[in-house]
Amino acid sequence: MKMTMRWYGKQDDPVKIDYIRQVPGMTGIVGSLFDVPVGEVWPEDKILALKTDVEQAGLTLEVIESVNIHEDIKLGLPSRDRYIENYKETIRRLAKIGIKVICYNFMPVFDWMKTEMAYPLADGSTTMAFFLEGVQKTPQEVADDVMSQNEGLALPGWEPERLVDITKLIAQYQDVTEADLRNNLTYFLQQIIPVCEAVDIKMAIHPDDPPYSIFGLPRIVKNRDDLAYICEAVDSPYNGITMCTGSIGEDPDNDLVAIVAEFAKRDRIPFAHVRNVKFIEAGGRDCYESAHYSPYGSHDLFEVMAALYDNGFDGYIRPDHGRMIWGETGRPGYGLYDRALGAMYLTGLWEALEKRHV
């Protein structure tokens, strides 16, 4: 298990990489380029500059999150082949500097959805939350509301230039079924996985967030059966999953621990986001992102980590999101303090699991 933390770069992250380095057990950074338009080839000089920044801080850069997928690929438009060729070239360039895993998603329009960026908790901290009532507005109203809560910082997957006319973008998916979207994903994977095999980079698809349809958009990475279909559509160890416990765990119908165990045993989890969520009401879907510590959430993270450990997981983990605590401000979900607490909690669980088997 390799503990990592997401970092948005020295120009756009209030969290200093030197502080991330000080978290015990932290070995690597999960990075990306945020100033390259979606669908374009990543420039080699910018890739190398990111790697240099990370390594100068004494950390490794082996996971990229994300190389986003152009909407034309998701829609299956004739123009998709050009964007797929660009994606292949980006994969090759990332391989040259030692990248081992690329996290991506195939969610139409929105890469993720939360309706509250600073939901207040009883202890005085704030966190991100999702309420179904919050998406009972027009998509443009919801997007404007989310973007207004970003503390002036870019939100990953929420490129303003792409979302300037959400109504038009969503209309393009009006006749796209889950089967259509699944076929478009399979086409994409059939094109890129041979390149990944040749250069030794694993693709790791992120589950839908939330793992059910909103605004009538199709969802195809939401449960155990969806994950199995994807793994079998292109049956290669380089076609993997970013096992996000917070996303899969947002649907109470998903057996989170069983899903983690199955795909860890299949060796299809090169990368994991491990965090907890708390359902507001039993049986409901409204939830907030709680502290990682199991008693504070609706999931037992010891059992999640045991499902990874007992089934041979040896990939990368990040604590994903955290609350804003101790007066910290910044990009919602990506402060330093609570993510550091989460990383230490997960590291402690892993140590206990290792010593349990001594």
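Heads up: numbering here begins at 1 and tracks the sequence. Basis for what follows: all heavy atoms, side chains included, without hydrogens, waters or symmetry-related copies. This is a predicted model, so every value here is computed, not measured.
Of all the heavy atoms in N105 and I205, the pair that sits closest is CA-CG1, 4.4 Å. Considering every non-hydrogen atom in both P211 and D251, the closest pair reads CG-CB, 3.7 Å. Listed here is the closest heavy atom pair of N239 and I230: ND2-O, 2.8 Å. For A204 against P270, the heavy-atom pair with the smallest separation is CB-CG, 3.9 Å. Of all heavy-atom pairs spanning T115 and F131, the tightest one is OG1-N, 3.0 Å. Contact between I17 and V54 at its shortest, heavy atoms only, is CD1-CA, 3.8 Å.
The shortest distance between side-chain heavy atoms of L185 and I69 does not fall below 4.5 Å. Taking 4.5 Å as the limit, every side-chain heavy atom of P210 sits out of range of all side-chain heavy atoms of S247. Looking only at side-chain heavy atoms (C-beta outward), L346 and M305 come within less than 4.5 Å of each other. Using a 4.5 Å heavy-atom cutoff, the side chains of S32 and W7 are not in contact. At least one side-chain heavy atom of L341 sits under 4.5 Å from a side-chain heavy atom of I325. Looking at heavy atoms from C-beta onward, L308 lies in side-chain contact with W350 at the 4.5 angstrom threshold. Looking at M5 and R339, their side chains come closer than 4.5 Å, going by heavy atoms from C-beta outward. The closest side-chain heavy-atom distance from E55 to T60 is not below 4.5 Å.
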Go through the steps for V304 and F302 under the test side chain to side chain contact (heavy atoms under 4.5 Å, CB included), then give the verdict. CA-CA 5 Å; V304 168; F302 176 82; over 6 Å; no
Check the pair R93 / W42 against side chain to side chain contact (heavy atoms under 4.5 Å, CB included), numbers first and verdict last. CA-CA 8 Å; R93 293 183 179 189; W42 284 19; 5.6 Å; no
Does V15 form a side chain to side chain contact (heavy atoms under 4.5 Å, CB included) with I20? I'd like the steps, not just the answer. CA-CA 8 Å; V15 176; I20 294 174; 3.9 Å; yes
Let me see the working for M113 and F130 under side chain to side chain contact (heavy atoms under 4.5 Å, CB included), right down to the final yes or no. CA-CA 7 Å; M113 176 59 70; F130 178 81; 3.7 Å; yes
Determine, stepwise, if the pair D180 / K74 fulfils salt bridge (charged side-chain N to carboxylate O under 4.0 Å, His left out). CA-CA 9 Å; D180 294 328; K74 300 175 190 177; over 6 Å; no
Applying salt bridge (charged side-chain N to carboxylate O under 4.0 Å, His left out), run through R80 and D72 and close with a yes or a no. CA-CA 5 Å; R80 66 180 170 180; D72 289 11; over 6 Å; no
Verdict with supporting geometry, Y334 and R6, side chain to side chain donor-acceptor pair (under 3.5 Å): CA-CA 8 Å; Y334 286 100; R6 195 172 192 182; 3.2 Å; yes
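Among the candidates D255, N223, L227, the single residue satisfying the side chain to side chain contact (heavy atoms under 4.5 Å, CB included) test with I248 is L227. Of the listed residues (I317, I102, V101), just one forms a side chain to side chain contact (heavy atoms under 4.5 Å, CB included) with F271, and that residue is V101.
Two rings, from F279 and Y288, have their centers 6.0 Å or more apart. Taking the six-membered ring for Trp, F110 and F215 have ring centres closer than 6.0 Å. Taking the six-membered ring where the residue is Trp, the centroids of H273 and H321 are separated by 6.0 Å or more.
Using a 4.0 Å cut-off between a side-chain N of Lys or Arg and a carboxylate O of Asp or Glu, K16 and D18 do not qualify as a salt bridge. Residues D310 and K265 are not paired through a salt bridge, judged by the lack of any N-O separation under 4.0 Å between the basic side chain and the carboxylate. E178 and K222 are joined by a salt bridge, as a carboxylate oxygen and a charged side-chain nitrogen come within less than 4.0 angstrom of each other. Salt-bridge annotation for D338 and R323: present, with a side-chain N of the basic residue lying under 4.0 Å from a carboxylate O of the acidic one. Under the 4.0 Å criterion applied to side-chain N and carboxylate O atoms, D35 and K46 are assigned as salt-bridge partners. Classification of R182 and D226 as a salt-bridged pair holds, one side-chain N sitting under 4.0 Å from a carboxylate O. Residues R224 and D253 are not paired through a salt bridge, judged by the lack of any N-O separation under 4.0 Å between the basic side chain and the carboxylate. Between D200 and K100 there is a salt bridge, since a side-chain N of the basic residue sits under 4.0 Å from a carboxylate O of the acidic one. The existence of a salt bridge linking D314 and K2 is excluded, since no basic side-chain nitrogen approaches an acidic carboxylate oxygen closer than 4.0 Å. In this structure, E85 pairs ionically with K88, as a charged nitrogen and a carboxylate oxygen lie closer than 4.0 Å. Using a 4.0 Å cut-off between charged nitrogen and carboxylate oxygen, R275 and E289 count as a salt-bridge pair. Between D209 and K114, at least one side-chain nitrogen of the basic residue sits less than 4.0 Å from a carboxylate oxygen of the acidic one, meeting the salt-bridge criterion. Under the 4.0 Å criterion applied to side-chain N and carboxylate O atoms, R356 and E351 are not assigned as salt-bridge partners.
For the pair R331 and Y8, the cation-pi criterion (under 6.0 Å, within 45° of the ring axis) is fulfilled.
Distance CD1/I201 to NZ/K96: 11.5 Å, rounded to 0.5 Å.
At most 12 non-hydrogen atoms from other residues, nucleotides or ligands lie less than 6.0 angstrom from CD of E133. The neighbour count for Y229 OH, taken as heavy atoms of other residues, nucleotides or ligands under 6.0 Å away, is above 12.
With hydrogens and angles disregarded, no donor-acceptor distance shorter than 3.5 Å links the side chain of D320 to the backbone of G246. In this structure, T242 contributes its side chain and C103 its backbone to no donor-acceptor pair below 3.5 Å. Counting only distance, with no hydrogens or angles, the side chain of S213 and the backbone of L217 share a donor-acceptor pair below 3.5 Å. In this structure a side-chain-to-backbone donor-acceptor pair under 3.5 Å is missing from D286 to E281. A donor-acceptor pair is defined here as one N or O able to donate and one able to accept, closer than 3.5 Å; such a pair exists between the side chain of N276 and the backbone of H299. Distance alone, capped at 3.5 Å, places no donor-acceptor pair between the Q174 side chain and the I170 backbone.
Linking Ile, Leu, Val, Met, Phe, Trp and Tyr whenever their side-chain heavy atoms come within less than 4.5 Å leaves V30 and I91 in two separate clusters. Note: the hydrophobic cluster containing V109 does not contain M107 (ILVMFWY, side chain heavy atoms under 4.5 Å, direct or indirect links). F106 and I192 fall within a single hydrophobic cluster, where Ile, Leu, Val, Met, Phe, Trp and Tyr side chains are chained together by heavy-atom contacts under 4.5 Å. No single ILVMFWY cluster, assembled from side-chain heavy atoms under 4.5 Å apart, contains both M128 and I280. In the hydrophobic clustering of ILVMFWY residues, with side-chain heavy atoms under 4.5 Å counting as a link, Y316 and L50 come out apart.
Under 3.5 Å, the side chains of N68 and Y87 contain no donor-acceptor pair of N or O atoms. Side-chain polar atoms of E197 and S236 form a donor-acceptor pair below 3.5 angstrom. Between E250 and Y212, the side chains place no donor N or O within less than 3.5 Å of an acceptor N or O (distance only, hydrogens not considered).
Taking the six-membered ring for Trp and thresholds of 30 and 60 degrees, Y337 and W326 have ring planes inclined between 30 and 60 degrees apart.
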